Participant: 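Have a look at the structure that comes next, please.
Bear in mind the structure is a predicted one, so any value in this text is a computation, not a measurement. So that the names make sense, note that chain A is the first sequence line, chain B the second, and so on, each numbered from 1.
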Amino acid sequence: MSNRSLPRLLQTPAVILLLIWMLVPLSLTLYFSFIRYVLNNLRRPEWTTPSFSNWRGFGNYEFVLNSKDFLFAIQNSLLIVGSILFCTVIFGVLIAVLINKSFPGQGIVRVLLISPFFVMPAVNAVLWINMILDPVLGLQGLAVNGINDMIAGLRSTPVLGAFFSLWPEFEPISFRATQTSAYAVIIMVTWQWTPFAVLIFMTSLQSEDQQQKEAAILDGAGAWSQFRFLTLPHLGRPIAIVVMIQAIFHLSLYAEIEIVSRGNGNKNLPYLIGEFANNNIGAASATGIFAVILANIVAIFLLRMIGKTLME
Amino acid sequence: MGQIVLDKVTKSFGETQVIPPLDLKIEDGEFAVFVGPSGCGKSTLLRLIAGLEDTTSGKVLIDDEDVTQVSPSKRGLSMVFQTYALYPHMTVRKNIAFPMRMAGMSEQEQEAKIKAAAESLNLTDYLDRKPGQLSGGQRQRVAIGRAIVRDPSAFLFDEPLSNLDAALRVGMRLEITEMHKRMQTTMIYVTHDQVEAMTMADKIVVLQAGVIEQVGSPLDLYHRPQNKFVAGFIGSPKMNLIEGVEAEKQGAHTIGIRPEHVEISTTEGLWQGTVGVAEHLGSDTFVHIHGVPGCDPMTVRAAGEFSVSHGDTVYLTPNLALLHKFDDKGLRIE
Ligand SMILES: Nc1ncnc2c1ncn2[C@@H]1O[C@H](COP(=O)(O)OP(=O)(O)OP(=O)(O)O)[C@@H](O)[C@H]1O
Ligand SMILES: [Mg+2]
């Protein structure tokens, strides 16, 4: 045995295990996506067991592509993921820079800031949609009512009354509605994942070279220039990490969408898969393959974009 | 112009006073070197001048103007750091351009200055590289380039060469000295390497625990150290300090004699001792001798090759005209 083949041999179990780990689910999904496979069909009971004799070719894919929700689900996936990434990175950078300065109570503030990350997604969704965003009972409803009451009170004051009577009555927003349910999901997931971004950015900020800052101060750079030319490039890599990890996680959001509106006006590919999987496993698998393709496209696109703009 | 005056400057970090009240004047165009053991406050002093630290009390004056409350960038000083402090995401060109960009200088003017700086520092071929792709010496040259383009009234160097290897250090030392001769700008240079201090300085400031022990030209410090600390700190190898009977014979508490001012012989002399270690450098031989009363070991420098080995008996004769005498407080006796 040459001295190369022994290490190879020792690696094989791990490699084989990994291959099985990844290949089996993927091949099963591929297989199901090319056959007719449903859970329940009284007229064609043979479709309820997976078999090559039910071969459908690209029929499932065609079916999914032509279903009315498919394009919407893709668009909506991108909207949700894009918005969450944008908000978490901006808030994450701002908060991390803010709490990087030392101040009294720093430890407690940091722990509190991280805590949303430990809330379970479903709990997070229930909490937000019922207790905060609810137009009647939630904080939102109470706040809007309070503002309306205040304006009503101001209407009767002598001088400014005329001005305030021009103001409309504010309407609370219903976040379970078709038009707004996606925004509810964006808000609650942003709240939950900003701490993750803060955590990563904060560790990175702590490794920032202080002498570079001092050199920049002597070179006449103000606070903004230091942030723009030193801190932001320094955060390039962590931002890329945060964006990549979150993109992978948020492409598969499910619990929040289910709890906020049961997919009403707000579907993504995983949710669509869930709907198909109620009966049509073939279509669900085809959607799954589309989801894999979408995730890859998003990942490549993000890598390119981040590589270009931030690493320079 | 670049005359820098420190007027009763003090600095405390919390309770601990690092710099007790300190007065110092550095003339325009002078090359001043701060030397002292580690932790004596050299960097702190430099940072006080730069404005990176606030003084606890006292005043900093540049060209007779009180700049104690002036922000670092408005003081017109450039600083070169030990770790170079280059901006890692920018090319060499952008690094050098950064202070000019911050000052809002026009592109053409920037380009002309970058070109001039790059030429004088041999960086022309590296302008489009990032700092990570440069050697230590090149990085330090970029840092100097970034300092030059601001046309500062004074340069501040904080141990700029201590991250370089010995050969490069000698080269860069010469370059900086030549730069000073050419530009005639005030430079303050912090180092704990006394060879750098001796070779570069117009004026050496010896510090210990935040206190100035002596200010003077290199040869001044070499020939007339004001106290035992300076005597022991300046000169390489270190001055031999002898206490006890031999010192009392000379009417002093301590006497000091430099290794190069002692004659060594295998046959006769004033003092007798045995050879410990002999360091043969070719040009010189440093011999460490045990058994001389009041000083163990005594170091002697013999010119050229001097062949002795461990355990040999040798005789030493100091050149009494070049003897330094110190009283019981460690101060020089004339
Ligand atoms: N930010 C700080 N907080 C508290 N103490 C400090 C601070 N900076 C420096 N010191 C203390 O001040 C003293 C002088 O430090 P300084 O950095 O000026 O020494 P130095 O002469 O430059 O030493 P070295 O040759 O090792 O660079 C040291 O005792 C150090 O511990
Ligand atoms: Mg220092």
Participant: With a sphere of 6.0 Å drawn around CZ of A:Phe117, does it hold more than 12 non-hydrogen atoms of other residues, nucleotides or ligands?
Facilitator: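 Above 12, so yes.
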
Participant: Sort out for me which of A:Asp219, A:Asp209, A:Leu230 touches chain B most, counting heavy-atom pairs under 4.5 Å.
Facilitator: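 Sorted descending by pairs with chain B, the first entry is A:Asp219.
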
Participant: Is it the case that over 12 heavy atoms from other parts of the model lie below 6.0 angstrom from the CD atom of B:Glu65?
Facilitator: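 Check fails, neighbour count at 12 or below.
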
Participant: Which one of B:Pro88, B:Ser71, B:Ala103 has the most heavy-atom pairs closer than 4.5 Å to chain A?
Facilitator: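 That would be B:Pro88.
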
Participant: Inspect the surroundings of CD in A:Gln206 and state if more than 12 heavy atoms from other residues, nucleotides or ligands are less than 6.0 Å away.
Facilitator: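 It does: A:Gln206 CD has more than 12 such atoms within range.
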
Participant: Using atom types as modelled and distance alone, determine if a side-chain donor or acceptor of B:Arg150 lies under 3.5 Å from a backbone N or O of A:Gly220.
Facilitator: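 No, because the side chain of B:Arg150 does not come within donor-acceptor range (under 3.5 Å) of the backbone of A:Gly220.
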
Participant: Hey, do the aromatic rings of A:Phe229 and B:Tyr87 have their centres closer than 6.0 Å?
Facilitator: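 No, ring centres 6.0 Å or more apart.
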
Participant: Could you check which of B:Thr91, B:Leu77, B:Leu52 has the highest count of heavy-atom pairs closer than 4.5 Å to chain A?
Facilitator: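 Between B:Thr91, B:Leu77, B:Leu52, the count favours B:Leu52.
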
Participant: Can you tell me how far CD of A:Gln211 sits from OH of B:Tyr84, rounded to the nearest 0.5 angstrom?
Facilitator: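 Output value for this atom pair is 11.5 Å.
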
Participant: Under a 4.5 Å cutoff for heavy-atom pairs, which residue among B:Ser73, B:Pro72, B:Pro99, B:Ala85 has the most contacts with chain A?
Facilitator: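 Top option by heavy-atom pairs under 4.5 Å: B:Pro99.
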
Participant: For each of B:Arg75, B:Met102, B:Lys94, tally heavy-atom pairs with chain A at distances under 4.5 Å, and name the one with the top tally.
Facilitator: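 Most heavy-atom pairs within the cutoff with chain A belong to B:Met102.
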
Participant: Counting heavy atoms not belonging to A:Phe86, are there more than 12 under 6.0 Å from its CZ?
Facilitator: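 Not buried by this count: 12 neighbours or fewer within 6.0 Å.
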
Participant: For atom OH of A:Tyr254, decide whether the heavy atoms of other residues, nucleotides or ligands shown that lie under 6.0 angstrom number more than 12.
Facilitator: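 Yes, OH of A:Tyr254 has more than 12 neighbouring heavy atoms, counting only those of other groups under 6.0 Å.
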
Participant: Picking from A:Gly222, A:Ala216, A:Ser225, which has the most non-hydrogen pairs under 4.5 angstrom with chain B?
Facilitator: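 Most heavy-atom pairs under 4.5 Å with chain B: A:Ala216.
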
Participant: Go through the atoms of B:Met100 and report whether side chain, backbone, both or neither lie under 4.5 Å from a heavy atom of chain A.
Facilitator: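 Answer is neither: B:Met100 stays 4.5 Å or more from chain A.
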
Participant: For residues B:Met79 and A:Leu218, report the shortest heavy-atom separation together with the two atoms involved.
Facilitator: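 In terms of heavy atoms, the two residues are closest at CB-CD1, 3.3 Å.
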
Participant: How about CZ on A:Phe227, more than 12 heavy atoms from neighbouring residues, nucleotides or ligands closer than 6.0 Å, or not?
Facilitator: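 Enclosed: over 12 neighbouring heavy atoms sit under 6.0 Å from CZ of A:Phe227.
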
Participant: Atom CD1 of residue position A:Ile108 - does it have more than 12 heavy atoms of other residues, nucleotides or ligands inside 6.0 Å?
Facilitator: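 No, not enclosed.
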
Participant: Let me know if B:Arg47 has heavy atoms under 4.5 Å from chain A in its side chain, its backbone, both or neither.
Facilitator: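 B:Arg47 touches chain A through side-chain heavy atoms alone.
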
Participant: So with a 6.0 Å cut-off around CZ of A:Phe72, is the heavy-atom count from everything else above 12?
Facilitator: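 Atom CZ in A:Phe72 is packed in, count exceeds 12.
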
